[in-house]
Q: 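Here it is, the structure in full.
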Amino acid sequence: QQLGVDAKRIGDGAMRRLRDFDYPGNVRQLENICHWLTVMAPTQVVQLRDLPPELQAAPPMAAARTPAAATHDAMPGERAATGPALASPGGDVDASSSTWQSALLQELRARLEQGDTAPWDELSRLFETTLLRGALAYTHGRRIEAAQRLGIGRNTITRKLRELGLEP
């Protein structure tokens with residue numbers, strides 16, 4: 001309701017992984033994952049493959065693996081990623097990226113492997129939409145506070161909401 005989108009259901013595999021995850025960030029991490037799934041899962045039923053990378057990579061009840069190993073491992077039953085590793089702006093391979101950067105790189109890799117020749121516009125739109133929805137959820141819909149928290153002006157948030165079709 002906070003994000004203004006339809007509720008999603010969680011498939012059995014995803015539910016098991018959510019239930020078994022250790023949640024080192026406690027309730028706040030669970031809440032952030034729920035917000036992430038609401039915005040990022042492509043369908044109304046959240047599947048195991050839709051979970052954020054930290055949940056896909058972590059063995060049940062332990063987050064013992066490193067982000068570097070988790071980024072490149074395939075989910076059980078999935079084919080391992082192929083192709084060249086994508087580099088960060090500094091030229092380093094994505095092993096040192098944060099979770100959201102790793103997810104972005106995975107999405108970019110998938111689009112490039114599918115032959116997408118211009119992923120910039122769609123990924124930029126998704127990124128901005130995610131930032132705006134997240135900030136508005138955090139501020140309970142208060143646009144001026146959301147703009148301040150994002151470091152943008154009130155006119156900018158209004159314009160972006162209109163451009164992205166997020167205004168009610």
Q: Quick check: closest heavy atoms across Pro119 and Leu112, and the distance to 0.1 Å?
A: CG-CD2, 4.2 Å
Q: First locate atom CD1 of Ile152, then atom CD1 of Ile157, and finally report the distance between them rounded to the nearest 0.5 Å.
A: 4.5 Å
Q: I want to check something: taking the side chain as every heavy atom from C-beta on, are Leu150 and Thr156 in contact at a cut-off of under 4.5 Å?
A: no
Q: Write down the atom of Trp36, the atom of Pro52, and the distance for their closest heavy-atom approach.
A: CZ3-N, 3.4 Å
Q: Sequence neighbours left out, what passes side chain to side chain donor-acceptor pair (under 3.5 Å) with Glu128? Give chain and number order.
A: Lys160
Q: Donor-acceptor pair, Arg125 side chain versus Leu164 backbone, under 3.5 Å?
A: yes
Q: Restricting to pairs with a member in residues 35-47, which pass salt bridge (charged side-chain N to carboxylate O under 4.0 Å, His left out), not counting sequence neighbours?
A: none
Q: Apply side chain to side chain donor-acceptor pair (under 3.5 Å) to Glu163 and list each qualifying residue two or more places apart in sequence or on a separate chain.
A: Arg159
Q: So do Gln29 and Phe21 actually touch side chain to side chain, heavy atoms under 4.5 Å?
A: yes
Q: Please name all residues satisfying side chain to side chain donor-acceptor pair (under 3.5 Å) with Glu145, sequence neighbours left out, ordered by chain then number.
A: Arg142
Q: Nearest 0.5 Å please: distance from the CG atom of Leu37 over to the CD1 atom of Ile10.
A: 6.5 Å
Q: If every non-hydrogen atom of Gly153 is compared with every non-hydrogen atom of Ala147, which pair is closest and at what distance?
A: O-CB, 3.8 Å
Q: Side chain to side chain contact (heavy atoms under 4.5 Å, CB included) for Thr129 and Arg133? Distances and angles first, verdict last.
A: CA-CA 6 Å; Thr129 298; Arg133 285 184 172 163; 3.9 Å; yes
Q: Drop me the distance from Asp116's CG to Asp121's CG, to the nearest 0.5 angstrom.
A: 10.0 Å
Q: Tell me whether Met15 shares a hydrophobic cluster with Ile33, the cluster being built from Ile, Leu, Val, Met, Phe, Trp, Tyr side chains joined at under 4.5 Å.
A: yes
Q: Just verifying a value: how many Å separate Leu126 CG and Leu131 CG, rounded to the nearest 0.5 Å?
A: 11.0 Å
Q: To the nearest 0.5 Å, what is the distance between CG on Leu132 and CZ on Phe127?
A: 10.0 Å
Q: Just wondering, are more than 12 heavy atoms of other shown residues or ligands nearer than 6.0 Å to CD1 in Ile144?
A: no
Q: Indicate yes or no: at least one non-hydrogen side-chain atom of Glu122 is less than 4.5 angstrom from one of Arg111.
A: yes
Q: Please tabulate, for side-chain N and O atoms in residues 38-48, each donor-acceptor pair with protein atoms closer than 3.5 Å (sequence neighbours left out).
A:
residue	atom	partner	partner atom	Å
Thr38	OG1	Cys34	O	2.8
Thr43	OG1	Val45	O	2.9
Gln44	NE2	Ala7	O	2.8

Q: Not counting sequence neighbours, which residues clear salt bridge (Lys or Arg N to Asp or Glu O under 4.0 Å) with Arg162? List them please.
A: Glu167
